[in-house]
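Note that the structure is a prediction, hence the values are computed from the model and not measured.
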Amino acid sequence: MFFRFGQFVRNRKSKPLILFASLCSIALLSLFPTFMHGQWRANGVAVCDTSVNSGFYMIPQIASDDSGGAYVCWRDVRNGNSDIYAQRIGPDGRTLWPKNGIPIVDDTGHQAFPRIISDGYGGAYVAWEDSRSLTSTHIYSQRINRYGESLWQVNGVRVAEVGGLFISLADDKRGGLLIAWNSFVGDSSDVHVQRLDSLGNRVWPDSGVRISNRPAFVSANDVAVIEDGRGGGFVAWSEGESTYEKVYTQRIDSVGKVLWSANGIEISDSVRSLHPVVSSDLNGGIIISWASLSRIPGSNDAFIFAQRICQNGEIRWAGGGILIGDARGGGARRHTPDNQGGVFIGHSRWIQHLDSSGTKAWPDEGAQFTDASTGFSESHQVRHPDGGIWNFWTDFATGTGTDPDIYAQRISITGIPLLGLRGKPLCDAGGIQQNPRAVSDGRGGAIVVWDDLRNSDYSAVYAGKIDSAGLITTVKDGNNGHAIPEGPYLHQNYPNPFNPETHIAFSLPQRTHVKLNVRNILGQEIVTLIDDTKDSGNHELLFRGEDLTSGVYFYRLVAGNSVITRKMLLIR
């Protein structure tokens with residue numbers, strides 16, 4: 001159930017609190033036109049650009065707004081200490097809330113390292129590390145709706161009475177939120193999980209559910225949680241000493257009861273295993289991937305493994321899991337469900353597609369998102385609806401090493417890179433751009449947000465959009481919402497080579513008559529695909545070559561006074 005104004009929220013051991021909104025929904029809707037700023041353009045639009053955030057990264061996070069746009073949150077120092085701010089971006093690139101965002105929390109102390117996910121009702125949940133108590137860092141959370149109203153108590157609710165760091169979030173699929181974190185106790189640390197209902201009340205004990213209480217250490221960012229579809233969830237983590245760490249997993253039911261072995265099920269058999277990431281196998285269980293470091297002192301060898309666990313805790317894949325490949329260079333925490341029971345797992349400059357049986361869909365190491373052997377980091381993946389995957393990363397290979405850019409690549413369902421061997425720059429504005437995070441736009445494209453230091457005096461948050469065909473969205477046409485290029489443009493077909501189908505896309509700056517045909521190597525016209533007037537914006541069609549033989553073909557666009565021809569290759 002969705003609550004907004006005048007609702008009573010009762011936390012355990014606290015008196016009722018009444019939530020007030022500063023403006024009613026109708027008033028906020030009437031103000032939307034005055035709040036809209038910017039629109040998609042080359043090298044991104046400013047989400048927050050205040051000139052007062054200097055000397056640190058804002059580490060923006062992103063979640064879908066379920067309407068083709070996105071929510072973005074970040075840490076912000078405009079008030080002197082570190083607070084959490086947020087902004088909503090529409091599908092056209094316009095920011096829908098006041099310029100430079102609204103405060104999610106601006107309490108005393110420091111609030112940092114936020115996480116955000118969709119709430120399933122058009123709003124979002126945000127959680128962060130909070131030191132307002134001055135004696136310990138606790139986890140706080142807030143729920144916001146599409147108008148930017150906070151639905152829980154001002155400055156958020158404390159998730160548990162024990163402190164903690166390194167948050168992982170999941171929607172409990174019952175209108176509430178699952179939160180897992182690393183809780184430090186003396187020289188060791190534990191894993192805790194809490195469930196909040198739709199009003200921000202604690203469902204489980206005030207200190208959360210303690211998942212592991214070994215006298216060991218849980219490493220930074222080594223806790224991951226997802227829902228089980230029944231109000232409970234699965235947790236994965238690594239713990240041990242710095243030279244002896246193992247990956248474990250546990251399941252908790254809707255009332256907070258631990259269902260598997262005490263302290264979890266060990267799933268890794270190497271001496272240094274860390275950075276677990278988890279997703280559903282769509283059959284009641286989970287798939288976990290993790291990094292396994294070499295046991296040889298001074299060695300940089302690292303590999304990615306994956307394992308599948310049934311809902312009863314049974315380990316499905318033998319031999320200590322499936323070896324995915326090398327983990328050096330590009331970050332290990334890239335794990336994206338394929339919505340078919342399998343998963344895309346990123347490792348170094350490759351992405352591998354693993355199906356539900358543990359079989360690799362792509363040969364060897366997998367598909368390369370870049371042919372650069374070094375100079376890339378901080379990759380983030382988004383599933384494409386055609387069965388492939390997007391990858392976005394910080395690219396140092398094409399710059400000076402101190403001037404990184406944001407790059408994009410799309411890998412087809414067959415493992416072919418569709419945006420060139422090196423990928424395509426999403427932002428190369430100069431200065432530093434890094435820490436990309438992305439969500440689907442619901443149409444096969446993606447919205448990407450990143451840290452931006454194009455002005456070297458301060459930090460900013462920027463966002464960009466890439467559509468399903470790999471077109472970097474620039475300017476919006478007020479009539480139909482499509483991106484307007486500077487002139488007619490014919491894009492490279494994808495996939496290329498193809499067999500027997502391929503997509504052909506073109507862009508128009510204004511409404512004009514278009515002719516698009518396919519010719520053989522002798523220049524003879526084989527088929528006319530379009531001979532009609534088309535509106536401005538992006539256009540795409542599927543070309544089928546079932547009746548053609550293998551070879552080189554050309555597709556030709558005539559739009560106004562422009563004639564553009566590109567080559568494609570059919571391989572039988």
*Go through the steps to decide whether Leu196 and Ser141 satisfy the test side-chain contact (heavy atoms from CB on, under 4.5 Å), and finish with yes or no.*
CA-CA 9 Å; Leu196 301 180; Ser141 184; 4.1 Å; yes
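- Between Arg146 and Ser67, the closest side-chain pair of non-hydrogen atoms falls below 4.5 Å.
- With a 4.5 Å cut-off on side-chain heavy atoms, His138 and Ser131 do not count as touching.
- A cation-pi contact links Arg78 to Tyr85, judged by a cut-off of 6.0 Å to the six-membered ring centre and 45° from its axis.
- Using a 4.5 Å heavy-atom cutoff, the side chains of Ile144 and Ile104 are in contact.
- Arg174 is listed as a side-chain neighbour of Arg195, based on a closest heavy-atom distance under 4.5 Å.
- Separation of the Phe392 and His380 ring centroids does not fall under the 6.0 Å cut-off.
- Ring centroid separation for the pair Trp390 and Phe369 does not come in under the 6.0 Å cut-off.
- Checked against salt bridge (Lys or Arg N to Asp or Glu O under 4.0 Å), Arg383 has no partners two or more places apart in sequence or in another chain.
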Counting only pairs under 3.5 Å, give me each side-chain donor-acceptor contact of residues 44-51, with atom names and distances, residues two or more places apart or in other chains.
residue : atom : partner : partner atom : Å
Asp49   : OD1  : Tyr458  : OH           : 2.8
Thr50   : OG1  : Val52   : N            : 3.4
Thr50   : OG1  : Asn53   : ND2          : 3.2

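- Rounded to the nearest 0.5 angstrom, Leu169 CG and Leu177 CG are separated by 5.5 Å.
- With sequence neighbours left out, Asp106 forms a side chain to side chain contact (heavy atoms under 4.5 Å, CB included) with Asn79, Asp83, Pro103, Asn155.
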*asked:* Test side-chain contact (heavy atoms from CB on, under 4.5 Å) on Glu129 and Ile139; report intermediate values, then the result.
replied: CA-CA 5 Å; Glu129 298 173 11; Ile139 308 300; 4.3 Å; yes
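- By the 4.5 Å heavy-atom criterion applied to side chains, Lys257 and Ile252 are not counted as neighbours.
- Going from atom OG of Ser348 over to atom CZ of Phe303 covers 11.0 Å, rounded to the nearest 0.5 Å.
- For Trp237, the side chain to side chain donor-acceptor pair (under 3.5 Å) partners two or more places apart in sequence, or in a different chain, are Glu239.
- The backbone N or O of Val159 sits less than 3.5 Å from a side-chain atom of Arg202, completing a donor-acceptor pair.
- Under the 30°/60° scheme for interplanar angles, the aromatic rings of Trp181 and His192 are found to lie parallel.
- A search for salt bridge (Lys or Arg N to Asp or Glu O under 4.0 Å) contacts involving Asp441 returns Lys465, not counting sequence neighbours.
- Not counting sequence neighbours, Arg75 has no partner by the salt bridge (Lys or Arg N to Asp or Glu O under 4.0 Å) test.
- Judged as a ring-ring contact (aromatic ring centres under 6.0 Å, His included), and not counting sequence neighbours, Trp128 has no contacts.
- With sequence neighbours left out, Ser279 forms a side chain to side chain contact (heavy atoms under 4.5 Å, CB included) with Ile287, His335, Pro337, Val343.
- Taking Thr108 as the reference, Arg132 meet the side chain to side chain contact (heavy atoms under 4.5 Å, CB included) condition, with sequence neighbours excluded.
- In this structure, the side chains of Ser118 and Asp171 stay at 4.5 Å or more apart for every pair of heavy atoms.
- Qualifying salt bridge (Lys or Arg N to Asp or Glu O under 4.0 Å) partners for Asp228, counting only residues two or more places apart in sequence or in other chains: Arg251.
- Side-chain atoms of Thr249 and Ile288, non-hydrogen and from C-beta on, do get closer than 4.5 Å to each other.
- In terms of heavy atoms, Tyr71 sits closest to Ala124 at CD1-CB, 3.9 Å.
- When the side chain to side chain contact (heavy atoms under 4.5 Å, CB included) test is applied to Asp451, the partners found at least two apart in sequence or on another chain are Tyr57, Met58, Ile59, Pro60, Asn435.
- Using a 4.5 Å heavy-atom cutoff, the side chains of Arg334 and Ile351 are in contact.
- Residues passing the ring-ring contact (aromatic ring centres under 6.0 Å, His included) test with Tyr462, sequence neighbours excluded: none.
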*Please test Arg230 against Asp253 for salt bridge (charged side-chain N to carboxylate O under 4.0 Å, His left out), starting from the C-alpha separation and ending with a verdict.*
CA-CA 7 Å; Arg230 301 178 180 180; Asp253 69 12; over 6 Å; no
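- Separating the CG atom in Asp130 from the CZ atom in Phe113 is a distance of 13.0 Å, to the nearest 0.5 Å.
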